[in-house]
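So that the names make sense, note that chain A is the first sequence line, chain B the second, and so on, each numbered from 1.
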2 protein chains.
Amino acid sequence: MADIGAHSAGKRVKNGHETLAVSPGMTLAESLRQKLEGAIAAGHLEPGSRLDEQEIAQRFGVSRTPVREAFRLMAANNLVELRGRQGATVRSIKAQALIEMFQVMAELEGLCARLAARRVSQAWGAEIGDIHQRLVAAGETGDIDVFYDINQEFHEAIYEASRNSFLADQTRKLRNQVAAYRSRVTRMPNRIADTVREHEAIMQAILAHDPERAHSAMRDHVNLLGDNLLDFLAAFE
Amino acid sequence: MADIGAHSAGKRVKNGHETLAVSPGMTLAESLRQKLEGAIAAGHLEPGSRLDEQEIAQRFGVSRTPVREAFRLMAANNLVELRGRQGATVRSIKAQALIEMFQVMAELEGLCARLAARRVSQAWGAEIGDIHQRLVAAGETGDIDVFYDINQEFHEAIYEASRNSFLADQTRKLRNQVAAYRSRVTRMPNRIADTVREHEAIMQAILAHDPERAHSAMRDHVNLLGDNLLDFLAAFE
DNA sequence: ATACCAATATAAGTATACATATCGGCCCTC
DNA sequence: GAGGGCCGATATGTATACTTATATTGGTAT
């Protein structure tokens, strides 16, 4: 066995293979999960592609056991599909399933916005305002990667403002599941301008403490993104 | 190794230990997951209690490997908590978390009902009517376990009628997570009569193709159950 | 030539052996 | 006598060996 994680905290392992961060109370399986989920979200692992236990084990210089456990963990987040006795594949989401997922996501994010509208404080108003301004700035410079990150921040801030950590968790997970597909859409022609406008409407409704308007504004925003995404995918097939 | 699942399909294993159903394309880990999840939902495994790998492995006459994998699978469903290097425990849900979960569940089940109202067919109307009649009958004879099962059937029928299999899945999972707590509430004084009345309102709204009414009726139904549950728990602490 | 069966190969599932971290008890010191 | 540190026991994490199912390929028969 490789001399992994035995000594001090915050180590890194390099076995002549790929590096793997190993934090204090962290197991190899958990590290692998993070690494692989990141690769999936970033699109480095194509949806539908097979995950070979042995190959991945070799690549990171570990045995099959933690790899298998990481697969189980990821299956929990619906990021990989386990077909008994037939291996694991990166979950490939069909257009129909994406429609369904956006329908649910619109509702959950809408609920976040509604709760946020009921509960926001003054301080939060300043925070979201700052985020939005940075989003506008990124939109003007056209730096798409930064725009994508700040967009994420905006939604995250609303999750937190809902003060329902379970809801925040569920919504985040769902957002994560479609991340691999979403990231391809951010680059569409009018998406940046539309996003800025839609965010404005959401923000105003929340700050005006209008739950119903916040709900529908957010729902529309998510649904529009979903529609864009489906248009985008349709152009490919 | 015990001679498990090696030969024909649909077997049962008995090693002088507890029996474990092993279906055709099913792994031991999956079987264990089902068995243990059932035990949790039925309340045979107390929330917060520790799950000992070795003990469970011995009890079912298997090695620790499939037991560990079953734990990971269950962690995916939020039914057990894995604290690295410190074992697995049956997830214990605090009152605050239950409130949050019911808030989300009300919204999801409400969405199911809304979609169902838009999409139901004639045949489905007959089916849900039959289920409801059986629920009423079970309520009159006072057989609570049967009532509980038919109640589940009713909700399940609406999940399916939403024609959104992702939504159905999410809702089912959430329902499963709170099952261990819900089951204690079914036995409350007026719950049976209330449930029947509330189901009637939901059913009528759906059959009348009134999405908004179906949504709010279902949301109220779930919220009332949540309130009852919290009252029940409060009486204990 | 195609379809079906059989045999073999490959990869998933399971068992077991080994490494290592956490927890509890006991002893020593202050 | 109490508190802290050290040591050992126990259970989790990981590696490896072995079993078994599924898929693929080749051959044969129709």
Table please: side-chain donor-acceptor pairs of residues 144-151 of chain A below 3.5 Å, with sequence neighbours left out.
{"unit_1": "A:D145", "atom_1": "OD1", "unit_2": "A:R187", "atom_2": "NH2", "d": "3.4"}
{"unit_1": "A:N151", "atom_1": "OD1", "unit_2": "A:H199", "atom_2": "NE2", "d": "3.2"}

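- Counting to the nearest Å, the P atom of C:dA15 and the CZ atom of B:F60 are 13 Å from each other.
- Dashed line: the shortest gap from a side-chain N or O of B:Q86 to OP1 or OP2 of D:dT12 is not under 4.0 Å.
- Annotation: side-chain contact (heavy atoms from CB on, under 4.5 Å) contacts of A:A180 (sequence neighbours excluded): none.
- For the pair A:M26 CE and C:dT22 P, the computed distance is 13 Å after rounding to whole Å.
- Note on residues 40-52 of chain A: no pairs pass side-chain hydrogen bond (donor to acceptor under 3.5 Å, both in side chains), not counting sequence neighbours.
- As a whole-Å value, the separation of A:R64 CZ from C:dA15 P is 14 Å.
- Phosphate contact (OP1/OP2 of D:dA11, side-chain N/O of B:Q54, threshold under 4.0 Å): present.
- Here the side chain of B:T27 is nearest to one of D:dT16, D:dT12, C:dT14, namely C:dT14.
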Side-chain donor-acceptor distances from residues 73-80 of chain A under 3.5 Å, at least two apart:
{"unit_1": "A:N77", "atom_1": "ND2", "unit_2": "A:E37", "atom_2": "OE2", "d": "2.9"}
{"unit_1": "A:N78", "atom_1": "OD1", "unit_2": "A:R91", "atom_2": "NH1", "d": "3.1"}

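- In summary, A:R72 and A:E69 do not engage in a salt bridge, as defined by a charged side-chain N under 4.0 Å from a carboxylate O.
- With hydrogens and angles left out, the side chain of B:R85 and the base of C:dT22 share no donor-acceptor pair within 3.5 Å.
- Take the nearest nucleotide of DNA chain C for A:G87 and for A:T65: the residue whose nucleotide is more 5' is A:G87.
- Look at CD on A:E30: it is 17 Å from C1' on C:dA21, rounded to the nearest Å.
- For residues 95-106 of chain A, the side-chain hydrogen bond (donor to acceptor under 3.5 Å, both in side chains) pairs, not counting sequence neighbours, are A:Q96-A:E100, A:E100-B:S165, A:Q103-B:N164.
- For DNA chain C, none of the residues of residues 68-81 of chain B falls under the heavy-atom distance limit of 4.0 Å.
- For A:E53, the listed nucleotide lying nearest its side chain is C:dG13; candidates were C:dA15, D:dA11, C:dG13.
- Between the side chain of B:R119 and the main chain of B:S162, a donor-acceptor pair closer than 3.5 Å is present.
- Between A:S63 and the phosphate of D:dA15, there is a side-chain N or O to OP1/OP2 separation shorter than 4.0 Å.
- Straight-line distance from the CD1 atom of B:I56 to the C1' atom of C:dT14: 17 Å, rounded to whole Å.
- In this structure, CZ of A:R50 is placed 10 Å from C1' of C:dT10, rounded to the nearest angstrom.
- Taking atom CG of residue B:L28 and atom P of nucleotide D:dT19, one finds them 16 Å apart after rounding to whole Å.
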